[in-house]
Participant: 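The structure under discussion is supplied below as structure tokens; questions concerning it will follow.
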2 protein chains.
Amino acid sequence: MIKMSHAQRLRDLLEDAIVEGRFPPGTKLDPEALGREYQCSRTPIREALQQLAASGMVKVVPKRGTFVTQLGISELVERFEVMAELEAMCGRLAARRITSQELSELKTAHAACRERLEADDANGYYYENGCFHHCLYRASHNAFLTEEATRLHAILKPYRRLQLHVRHRMHSSFVEHEAIVAAIETGDAAAAEQALKDHVHIQGERFTDLVANIERLHESA
Amino acid sequence: MIKMSHAQRLRDLLEDAIVEGRFPPGTKLDPEALGREYQCSRTPIREALQQLAASGMVKVVPKRGTFVTQLGISELVERFEVMAELEAMCGRLAARRITSQELSELKTAHAACRERLEADDANGYYYENGCFHHCLYRASHNAFLTEEATRLHAILKPYRRLQLHVRHRMHSSFVEHEAIVAAIETGDAAAAEQALKDHVHIQGERFTDLVANIERLHESA
DNA sequence: TCCCGTCTTGTTGTATACAACAGATAGGCG
DNA sequence: CGCCTATCTGTTGTATACAACAAGACGGGA
């Protein structure tokens with residue numbers, strides 16, 4: 001492993017922890033505690049937190065502390081709207097630009113999804129689904145777009161996790177993926193764009209339904 | 001003016017300076033010099049620079065220094081591709097969601113553009129053009145999209161400045177704006193989307209032509 | 001003359017100490 | 001008994017000092 005600064009390593013570690021749900025949205029990130037855990041002073045921790053704040057993973061409330069970003073329904077809807085557009089764009093570009101190697105990678109990821117689906121392994125499907133989408137981003141051959149899509153994907157991941165076990169979601173997701181792969185393979189940019197837009201929009205609607213339910217629970221509690 | 005931390009104020013100041021071209025792309029930002037200029041130590045400056053780095057305005061080269069981001073042709077093309085998509089999305093949403101007040105603001109901005117065009121005032125047109133686009137972003141009624149579009153717009157601004165005086169660009173830009181306003185006013189989402197996509201793509205092509213010429217000059221120099 | 005090794009210098013990255021501010025709490029006054 | 005105020009505490013924001021590293025310069029050897 002290459003040498004990198006404490007701040008950089010810490011940033012990656014915290015980002016991972018947040019994305020993977022080990023720090024649920026709303027959690028307060030205490031610099032002092034983190035300092036003890038990672039054996040360093042507040043300075044690099046502060047830097048890491050600020051970098052995360054800049055990418056929208058955490059929110060710094062002046063004089064109050066730093067908290068893992070907790071998105072309300074409308075904020076979630078907004079982000080899914082943009083995510084749908086970015087993914088659709090990736091699909092449109094990928095349909096025209098994908099290389100044969102990238103196409104085979106995409107198909108491999110898709111096959112892995114099928115395997116997890118048939119094994120009824122939601123966590124595994126979730127992981128392979130992430131790979132599938134990243135293949136798509138890269139196939140757009142637009143590094144900036146790939147970065148932005150990846151960043152937004154990461155921000156939304158903790159919420160996506162919530163709907164892992166929704167009934168039949170895995171199966172419908174897989175069917176949607178089939179359409180996406182088919183459109184890209186035939187080079188049909190418009191179809192790929194539409195298929196991805198629908199795919200993400202459906203996720204967005206499901207998520208917001210779910211979040212709405214959760215928030216109702218919180219309110220009544 | 002409300003009280004904010006040195007780092008925040010510094011961030012805004014530097015961002016402005018970069019966007020407005022007072023620090024051209026490639027400029028080295030020396031923490032020590034900035035410290036003298038703004039009467040503060042390296043710590044808040046470091047923070048400001050890191051926040052700018054996170055939004056892509058500057059690039060930190062480890063052990064070498066911090067430099068204002070200098071985009072090559074391909075990087076520029078990539079960003080304009082994404083910018084076109086985001087603006088097109090703003091237009092599509094705005095066509096459906098714009099309020100009458102926002103529409104009148106947009107028309108006011110458009111009228112200001114016409115004034116500057118008739119006065120042959122390129123700098124003024126440039127400024128009003130920015131207002132026009134920001135009106136559009138806000139009219140999308142998607143705060144996240146507005147933020148992202150604004151950020152990307154700012155990153156591209158130093159390059160946009162380069163083509164201020166291209167012959168007839170102001171006039172064609174204005175004509176394109178007319179189509180955009182018309183589409184939004186009639187609520188034609190598809191037309192607004194297409195008009196904006198074209199508008200930005202044209203800019204992107206012109207810019208990259210220009211940058212290509214500039215880089216050729218640099219090479220031969 | 002050219003190349004390699006060492007040293008110097010300037011930079012960034014980190015730790016620690018300090019100051020300033022906001023919120024909470026307790027005490028006094030009406 | 002309630003409200004206002006003053007202090008107090010815990011936090012963040014900033015300054016400074018130090019350490020580590022890397023690029024460049026210089027000198028010695030081949």
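In what follows, chains carry the letters A, B, and so on, assigned in the order in which the sequence lines appear, proteins first and then strands, with residues in each chain numbered from 1. Here the structure is a predicted model, which is why all the values come from computation and not from measurement. Computation of the quantities below employed the complete heavy-atom set of this structure, encompassing side-chain atoms and omitting hydrogens, waters and symmetry-equivalent molecules.
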Participant: For Glu75(A), what residues pass the side-chain contact (heavy atoms from CB on, under 4.5 Å) criterion, not counting sequence neighbours?
Facilitator: Leu71(A), Arg79(A)
Participant: Taking it one step at a time, do Glu87(A) and Tyr137(A) satisfy side-chain hydrogen bond (donor to acceptor under 3.5 Å, both in side chains)?
Facilitator: CA-CA 7 Å; Glu87(A) 293 228 11; Tyr137(A) 302 161; 2.5 Å; yes
Participant: Rounded to the nearest 0.5 Å, what separation is found between the NE2 atom of His177(A) and the CZ atom of Phe132(A)?
Facilitator: 5.0 Å
Participant: Please write out each protein N/O paired with an N/O of nucleotides 11-14 of chain C under 3.5 Å, distance rounded to 0.1 Å.
Facilitator:
from    : atom 1 : to       : atom 2 : distance (Å)
dG13(C) : OP2    : Arg46(B) : NH1    : 2.8
dG13(C) : OP2    : Arg46(B) : NH2    : 2.9
dG13(C) : N7     : Arg42(B) : NH2    : 3.0
dG13(C) : O6     : Arg42(B) : NH1    : 3.3
dT14(C) : OP1    : His6(A)  : N      : 2.5

Participant: Using side chain to side chain contact (heavy atoms under 4.5 Å, CB included) as the criterion, point out the one residue from Leu13(B), Thr27(B), Val58(B) that pairs with Ile18(B).
Facilitator: Val58(B)
Participant: More than 12 non-hydrogen atoms from neighbouring residues, nucleotides or ligands closer than 6.0 Å to NZ on Lys59(B), yes or no?
Facilitator: no
